[in-house]
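Below is one structure, written out as structure tokens; comments come after it.
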Amino acid sequence: DHDWEAYKVPPTRTPVVESTTSVPNPLTFVQTFYHYVLDVPVTFVREWIEKQQAKNKSYYYHQKFRRVPDLSECLEGDYLCFFEAEAQWRRDRMVDQEIVEIVRERLGACKQREGPNQFQNCAKEVELLKQVTKAYQDRYGDLGYHGTARTCLMKQKHRMMEERKAAQAKASE
């Protein structure tokens, strides 16, 4: 059917070209050198480290700090206790800020979801936001950016004294 001479079948195996030079290829030398000097040791060390980490696998989601004594519980002159109480106070303040932000985002999502019915369907979220912001304002309000645990403690002490005076004035009337 076909003219076999016009349409020759390709050879079944491609012949290998023999290198006829006596000088080795420098690219082969560089690739071999890179493989044995850089790649193999780095791969070995990485696999060994991964094996060690697989043995001692620890699962955690966030760092957990132990609770330290409050600033009011520190002894006089115990500067390490003062420092730890200050760090604890800063962490608590950041957590409280995030709580307020999360409740605010939930309220915004509820308003977006409910549309015109937001006033009746998002009443719980509004009330929760009022409570959370009031608690945050009572504790950290008027301290400013550079507020410290000591100024916060003094603010709470002054508020307690005012409440006592108001209670005494109410009782004496």
Side-chain angles (χ1 to χ4, degrees), residues 7-114 122 124-125 128-156:
Y7 303 104
K8 290 188 176 185
V9 177
T12 56
R13 289 181 41 189
T14 307
V16 177
V17 178
E18 292 289 329
S19 175
T20 57
T21 63
S22 62
V23 179
N25 188 355
L27 184 61
T28 308
F29 175 74
V30 169
Q31 286 176 341
T32 308
F33 179 80
Y34 172 79
H35 177 72
Y36 287 110
V37 172
L38 295 175
D39 190 31
V40 170
V42 168
T43 304
F44 174 75
V45 169
R46 181 181 174 98
E47 288 174 355
W48 183 80
I49 289 173
E50 287 175 352
K51 285 180 190 174
Q52 298 305 316
Q53 288 176 345
K55 289 179 188 175
N56 302 326
K57 195 168 259 191
S58 62
Y59 298 99
Y60 63 93
Y61 297 99
H62 55 83
Q63 188 173 3
K64 292 183 180 177
F65 295 96
R66 65 177 180 83
R67 296 296 294 185
V68 297
D70 192 38
L71 193 62
S72 62
E73 299 169 9
C74 292
L75 298 176
E76 186 176 339
D78 189 1
Y79 297 107
L80 182 61
C81 183
F82 294 160
F83 177 79
E84 287 180 340
E86 182 70 31
Q88 180 73 52
W89 181 81
R90 289 184 190 275
R91 285 192 297 269
D92 290 343
R93 185 176 184 179
M94 286 192 304
V95 167
D96 290 343
Q97 285 173 348
E98 288 300 317
I99 289 171
V100 170
E101 189 61 33
I102 288 170
V103 172
R104 187 176 293 132
E105 287 175 2
R106 286 182 184 171
L107 177 62
C110 181
K111 286 181 176 182
Q112 178 72 26
R113 183 179 61 243
E114 297 299 332
C122 298
K124 289 191 302 189
E125 285 83 357
L128 182 63
L129 182 63
K130 284 180 184 176
Q131 291 173 357
V132 169
T133 52
K134 183 181 182 324
Y136 184 84
Q137 185 66 24
D138 287 347
R139 186 164 183 191
Y140 303 109
D142 301 329
L143 292 180
Y145 180 76
H146 299 289
T148 62
R150 178 163 284 162
T151 57
C152 183
L153 183 64
M154 291 300 115
K155 179 184 173 195
Q156 290 174 359

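Not measured: the values here are computed from a predicted model.
Residues passing the side-chain contact (heavy atoms from CB on, under 4.5 Å) test with L75 are D78, sequence neighbours excluded.
Between E50 and R46 a salt bridge is recorded (basic side-chain N to carboxylate O distance below 4.0 Å).
Taking OG1 of T32 as the start and CG of L27 as the end, the distance is 9.0 Å to the nearest 0.5 Å. Atom CD of residue Q53 and atom CH2 of residue W48 lie 10.0 Å apart, to the nearest 0.5 angstrom. Separating the CG atom in L143 from the OG1 atom in T148 is a distance of 7.5 Å, to the nearest 0.5 Å.
Pairing each heavy atom of V100 with each of V132, the nearest pair is CG2-CG1, 3.3 Å. Closest approach of A149 to A85, counting heavy atoms only: CB-O, 4.4 Å. Scanning both residues, R66 and R91, for their nearest heavy atoms gives O-NH2, 4.5 Å. When all heavy atoms of C74 and F82 are compared, the closest pair comes out as CB-CE2, 3.5 Å.
Atom CZ of R93 has more than 12 heavy atoms from other residues, nucleotides or ligands within 6.0 Å. For Q112, the CD atom sits in a loose shell: 12 or fewer heavy atoms of surrounding residues, nucleotides or ligands are nearer than 6.0 Å.
For residues 137-146, the pairs satisfying side chain to side chain donor-acceptor pair (under 3.5 Å) are D96-Y140, K134-D138, with sequence neighbours left out.
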When the side chains of residues 34-45 are checked against the rest of the protein, which donor-acceptor pairs come out under 3.5 Å, sequence neighbours left out?
from	atom 1	to	atom 2	distance (Å)
D39	OD1	T43	OG1	3.3
T43	OG1	D39	O	2.7

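When only modelled atom types and interatomic distance are considered, Q52 and N56 share no side-chain donor-acceptor pair under 3.5 Å.
Here the options are R104, E105, K111, the test is side chain to side chain contact (heavy atoms under 4.5 Å, CB included), and the partner is L107; only K111 passes.
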Given side chain to side chain contact (heavy atoms under 4.5 Å, CB included), test K155 with T151 step by step and report yes or no. CA-CA 6 Å; K155 179 184 173 195; T151 57; over 6 Å; no

